[in-house]
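Along the sequence shown, residues carry numbers from 1. Predicted model, so just to flag it, every value in this text is computed and none were measured.
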Amino acid sequence: DGSLPQARSLTVDAGRFMNYALTVAVLEPTALVTTHGFGSIGLGTAAAIGAGAARPDRPAVALVGDGGFMMGGLAEFQTAVRCGVDLIVVIYNDGSYGAEHIQLSRKGLDPSVALNHWPDFATVAVAMGGEAITLRNQHDLTHLSERISSRQRPLLIDAKLDPGVMSTLQE
């Protein structure tokens, strides 16, 4: 939260990560867009582009899960690049479909069927003409504020998370 621009339009996609994402501050109620009312993951990046078009005076920040990003966000990221939208996408990337991982773990079943092997999101974002940073540990956070403030194009932040830890946090 502290690394992101304070004046921002914040969009939160649906998914298990949103328990944390919805704690990110906004300056006013109209600066928050949520998509979970539709009952579907994958709508957050498109909604953030809309928020960015509606309020071009401030960056649009999309907080999304990796599964939802693969469902539509990847293509929409390229739309932001092409249209010059000031977009920052933060992917809560635990390499799984979280709801399924939680349910399988709670039932003592093998949660590995909920795991996915996505492409390297940072590499793809750069190939699409954007900027990217991957966060794997605390040390990687040291340059995050600088990368955000110096961005010239849409920025993708791929935050790697452990799906097993994420599942235990939901209990």
With sequence neighbours left out, write down each residue that passes side-chain hydrogen bond (donor to acceptor under 3.5 Å, both in side chains) with [X], or none if nothing qualifies.
| X | answer |
| --- | --- |
| Ser149 | none |
| Asn137 | none |
| Ser3 | Ser145 |

Nearest-0.5 Å distance, [atom1] of residue [X] to [atom2] of residue [Y]:
| X | Y | atom1 | atom2 | value |
| --- | --- | --- | --- | --- |
| Leu63 | Thr34 | CG | OG1 | 11.5 Å |
| His101 | Ser112 | NE2 | OG | 8.0 Å |
| Ile157 | Leu144 | CD1 | CG | 5.0 Å |

Mind checking whether [X] and [Y] sit in one hydrophobic cluster, side chains of I, L, V, M, F, W, Y counted as touching below 4.5 Å?
| X | Y | answer |
| --- | --- | --- |
| Val26 | Val90 | yes |
| Leu10 | Phe17 | yes |
| Met18 | Tyr92 | yes |
| Leu155 | Leu141 | yes |

If I compare all heavy atoms of [X] with all of [Y], which pair ends up nearest, and what's the gap?
| X | Y | answer |
| --- | --- | --- |
| Ala114 | Leu104 | CB-CD1, 4.3 Å |
| Thr11 | Gly44 | CG2-O, 3.3 Å |
| Gly68 | Asp13 | CA-OD2, 4.1 Å |
| Ala7 | Pro59 | O-CD, 3.4 Å |
| Ala47 | Val33 | CB-CG1, 4.2 Å |

(Q) My understanding is that a hydrophobic cluster links ILVMFWY residues whose side chain heavy atoms are under 4.5 Å apart, including indirect links. Using that, what else belongs to the cluster containing Leu115? (A)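 Traced through the cluster, Leu115 reaches no other member.
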Q. Which other residues belong to the hydrophobic cluster containing Tyr97, where Ile, Leu, Val, Met, Phe, Trp and Tyr are joined when side-chain heavy atoms lie under 4.5 Å apart, directly or via other members?
A. Ile41, Ile49, Val64, Phe69, Met70, Met71, Leu74, Phe77, Val81, Val85, Leu87, Val89, Ile91, Trp118, Phe121, Val124, Met128, Leu156
By the salt bridge (charged side-chain N to carboxylate O under 4.0 Å, His left out) test, which pairs, at least two apart or in different chains, include something from [range]?
| range | result |
| --- | --- |
| residues 49-71 | Glu28-Arg55, Glu28-Arg58, Arg55-Asp57 |
| residues 149-158 | Asp86-Arg151, Asp158-Lys160 |
| residues 120-147 | none |
| residues 37-46 | none |

Q) Any side-chain heavy atom of Gln6 sitting closer than 4.5 Å to one from Leu27? A)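 Yes. Closest side-chain heavy atoms under 4.5 Å.
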Q | Side chain to side chain, Pro163 and Arg16, heavy atoms closer than 4.5 Å | A | yes
Q | ring-ring contact (aromatic ring centres under 6.0 Å, His included) contacts touching residues 122-155 (sequence neighbours left out) | A |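 Checked against ring-ring contact (aromatic ring centres under 6.0 Å, His included) - neighbours excluded - no pair reaches residues 122-155.
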Q: Mind jotting down which residue pairs meet the ring-ring contact (aromatic ring centres under 6.0 Å, His included) criterion with at least one end in residues 42-64? Sequence neighbours excluded, please.
A: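 Sorted result for residues 42-64: empty, none.
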**Q.** Residue list, salt bridge (Lys or Arg N to Asp or Glu O under 4.0 Å) with Arg8, at least two apart or on another chain
**A.** Asp1
